[in-house]
Amino acid sequence: MKHFLCLMAMMVAHTLSAQNSTFPILGGELSNSAATSVGDIEEVMPRMRALGLNTVLVPAYWELMEPTEGQYDFTLIDRTIDVARREHLHVVPLWFGAWKNSMSCYAPGWFKQDTKRFPRAMTAKGKQMEIASCFSDNVLQADLKAFSALMRHIREKDPQREVVVMMQIENEIGMLESARDHSPLAEKAYRQERWAERYGTDEYADEQFMALSYARYVEHLAKAAREIHDMPLYVNAAMNSRGRRPGEYPSAGPLAHLIDFWQEGAPSIDLLAPDIYDTGFKSWCAQYAMPLRPQDYNAPFPTLHSQHVKNRLFIPESRCCENSGVRALYAFGEHQAIGFSPFAIDQASEKDTKSVTQAYGLIRQLAAANCSPFTLHPALKTWGLLFDQEDCERIIDDDGVVMTCRHYFTLPWDSRATDGTTWPEGGAMLIRLNRYDYLLAGSGVVIDFKTPTEKQQEQQKTLGEDGFAEAGANSSPVARQSSRFTGKRLGLLSVDEVSIADDGTMQYLRRHNGDQTHQGRHVRIGVGEWKMLHIKLYEY
């Protein structure tokens, strides 16, 4: 095993490379007003470090940066970078420019008050909205000028990108009330594009027109950023969830069903990133996780700037809750995500942040070993597991090793499974190190290992609270007369709880056997526990 880890450590890792460290983005996004004074920044950043984050997503407020047109105040930006450097943290600034959650609420007062110079978007009925029109060149130039000033200042303050490692342009762009802008400038562009003739006139065609228009606007900012201080760039999306129609959700943003329009309009953007708050976490991830390309393997990031993160999964916002930790493990393990970030982590309760701290601790260890999704190598296999009360089982066939993975509460002896409360989610990262050799890192999961023939011949058993068959439940004449077992079985050779040191070496903690493996039947990590297990199998 030590030899294998040494080989893996020699491979080129997928990294955010800063201060000679190697890691994925183990992030957290601050609440919207958490960095509006130097006192806020001084107070919040050390807390983020203590929670186990390596990267903090911090708003950069246009209204506070340019309170008077043409006069810039970078005090908050400077303090954010200085404190982050002191706390050994990295920063992803969030440009709250022309739009934040659809609205133009973070634009400066001089911008908001001059609606003739900086016109608003309109509904089909002519109602002006608190949304600057992306069809106005004055809006674009004011936004672009301020954003470019910010990028130049960051280049001067952090020229080697030791602290600032990525940039978000705008925040959750999208139209509300109407699927598209109907202001005079928008109507002119709509006619010039001959959109109705090409795509139709329904609300979904309107949304596509608006998506391409927003993307073209963002491309101006992205190109400027590339020329000033090249780093990975992304835009984030509020999801089109709960059966809502365009205009009922922030339509035309960088949504999964509009990816083609955004990629056409904003080719300089590296990532379209989902903000996931609703149920169905796995489904949302799948919509944004693009297949890896051959050139992505063994490619460092961002040493080659942004070309190797194109279309990768990055979750800049997710509901901060007790399930956040296992969701992070799933995203990294299943989709080789480059980062995960619960929102408003600075305001979350200890109950909700605890899972993030625990999960990030495991992920840091795996990243140190370079035997994980953070080492993009075609021979390495990883999976993400995520279970709840309804979706509680997944079967994985790894080249003849059939792994039945379940929520821990599917075991019969934990009273919390049947006390009427909602199950907390269970999840883990499962990594194949070699044939019959696996690492499992997570919480609230159980796995058994079988050969394909063994799996095909297994009988369903009714188990009692002690984990053994209920009396008489499996002794029917049909069961007794079943065909003779054929083929081979898999057994647990050893199950060791381990940790991984900073130098990538695996450290033995304790042997799991007997009651901890149900006498060799399975491996498990209980709900509320956060462990890493090194599992070796044998065939007999």
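Keep in mind that what you see is a predicted model, and the values were worked out from it rather than measured. Computed from heavy atoms alone, side chains included, the values below leave out hydrogens, waters and symmetry copies.
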Can any side-chain N or O of [X] pair as donor or acceptor with the backbone N or O of [Y] at less than 3.5 Å?
{"X": "Ser341", "Y": "Val56", "answer": "no"}
{"X": "Thr382", "Y": "Gly333", "answer": "yes"}
{"X": "Arg79", "Y": "Leu76", "answer": "no"}
{"X": "Thr357", "Y": "Leu51", "answer": "yes"}
{"X": "Trp284", "Y": "Thr279", "answer": "yes"}
{"X": "Ser251", "Y": "Pro246", "answer": "no"}
{"X": "Glu317", "Y": "Asp275", "answer": "no"}
{"X": "Ser104", "Y": "Ala98", "answer": "yes"}
{"X": "Asn54", "Y": "Leu26", "answer": "yes"}
{"X": "Trp262", "Y": "Leu255", "answer": "no"}

Supply the atom-to-atom distance [X] [atom1] to [Y] [atom2], rounded to the nearest 0.5 angstrom.
{"X": "Asp158", "Y": "His229", "atom1": "CG", "atom2": "NE2", "value": "5.5 Å"}
{"X": "Met210", "Y": "Asp181", "atom1": "CE", "atom2": "CG", "value": "5.0 Å"}
{"X": "Asp391", "Y": "His407", "atom1": "CG", "atom2": "NE2", "value": "10.0 Å"}
{"X": "Leu150", "Y": "Tyr61", "atom1": "CG", "atom2": "OH", "value": "13.0 Å"}
{"X": "Leu53", "Y": "Arg47", "atom1": "CG", "atom2": "CZ", "value": "11.0 Å"}
{"X": "Phe409", "Y": "Phe387", "atom1": "CZ", "atom2": "CZ", "value": "14.0 Å"}

With a 4.0 Å cut-off on N to O distance, would you call [X] and [Y] a salt bridge?
{"X": "Glu227", "Y": "Arg152", "value": "no"}
{"X": "Arg226", "Y": "Asp270", "value": "yes"}
{"X": "Glu69", "Y": "Arg117", "value": "yes"}

Determine the interplanar angle of the [X] and [Y] rings, folded into 0 to 90°, and report it as parallel if under 30°, tilted if 30 to 60°, perpendicular if over 60°.
{"X": "Phe74", "Y": "Tyr72", "answer": "parallel"}
{"X": "Phe261", "Y": "Trp195", "answer": "tilted"}
{"X": "Phe340", "Y": "Tyr360", "answer": "perpendicular"}
{"X": "Tyr330", "Y": "Phe281", "answer": "perpendicular"}
{"X": "Trp95", "Y": "Phe147", "answer": "tilted"}

Is it the case that more than 12 heavy atoms not belonging to [X] sit under 6.0 Å from its [atom1] atom?
{"X": "Lys223", "atom1": "NZ", "result": "no"}
{"X": "Arg194", "atom1": "CZ", "result": "no"}
{"X": "Glu197", "atom1": "CD", "result": "yes"}
{"X": "Lys354", "atom1": "NZ", "result": "no"}

I would like to know whether Arg394 and Leu386 meet side-chain contact (heavy atoms from CB on, under 4.5 Å); could you show each step before the answer? CA-CA 9 Å; Arg394 177 183 181 184; Leu386 187 62; over 6 Å; no
Test side-chain hydrogen bond (donor to acceptor under 3.5 Å, both in side chains) on Glu219 and Ser268; report intermediate values, then the result. CA-CA 6 Å; Glu219 176 66 7; Ser268 298; 2.7 Å; yes
Over all heavy atoms of both residues, which pair between [X] and [Y] is shortest? Give the atoms and the distance, please.
{"X": "Tyr277", "Y": "Ser318", "result": "CE2-C, 4.1 Å"}
{"X": "Trp110", "Y": "Pro67", "result": "CD1-O, 3.2 Å"}
{"X": "Ala222", "Y": "Leu233", "result": "O-CD1, 3.6 Å"}
{"X": "Met45", "Y": "Leu89", "result": "O-CD1, 3.5 Å"}
{"X": "Ala34", "Y": "Asp346", "result": "CB-OD2, 3.4 Å"}
{"X": "Phe332", "Y": "Ala337", "result": "CD2-O, 3.2 Å"}

I'd like to know whether Arg120 forms a salt bridge (Lys or Arg N to Asp or Glu O under 4.0 Å) with Glu177, so could you lay out the CA-CA distance, the side-chain angles of the two residues, the decisive distance to 0.1 Å, and finally the verdict. CA-CA 13 Å; Arg120 305 294 181 86; Glu177 295 191 44; over 6 Å; no
For the residue pair [X] and [Y], establish whether any side-chain heavy-atom pair is separated by less than 4.5 Å.
{"X": "Glu170", "Y": "Asp143", "value": "yes"}
{"X": "Cys392", "Y": "Arg406", "value": "no"}
{"X": "Phe118", "Y": "Val139", "value": "yes"}
{"X": "Pro424", "Y": "Asn323", "value": "yes"}
{"X": "Val164", "Y": "Met231", "value": "yes"}

Looking at Phe209 versus Tyr199, is the centre-to-centre ring distance below 6.0 Å?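 Between Tyr199 and Phe209, which both carry aromatic rings, the centre distance is not below 6.0 Å.
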Steps toward side-chain hydrogen bond (donor to acceptor under 3.5 Å, both in side chains) verdict (Tyr106, Glu63): CA-CA 6 Å; Tyr106 280 91; Glu63 64 175 344; 5.8 Å; no
Assess the residue pair Trp530 and Ser355 against the criterion (side-chain contact (heavy atoms from CB on, under 4.5 Å)); give the C-alpha distance rounded to whole Å, side-chain angles, the decisive distance to 0.1 Å, and a yes or no. CA-CA 9 Å; Trp530 296 84; Ser355 75; 3.7 Å; yes
Audit row: Glu172, Trp99, side-chain contact (heavy atoms from CB on, under 4.5 Å) steps and yes/no: CA-CA 8 Å; Glu172 291 188 355; Trp99 303 288; over 6 Å; no
Only one of Glu203, Glu187, Glu207, Glu193 forms a salt bridge (Lys or Arg N to Asp or Glu O under 4.0 Å) with Arg180, so which one is it? Glu187
Derivation of the side-chain contact (heavy atoms from CB on, under 4.5 Å) call for Tyr214 and Val235: CA-CA 11 Å; Tyr214 272 135; Val235 286; over 6 Å; no
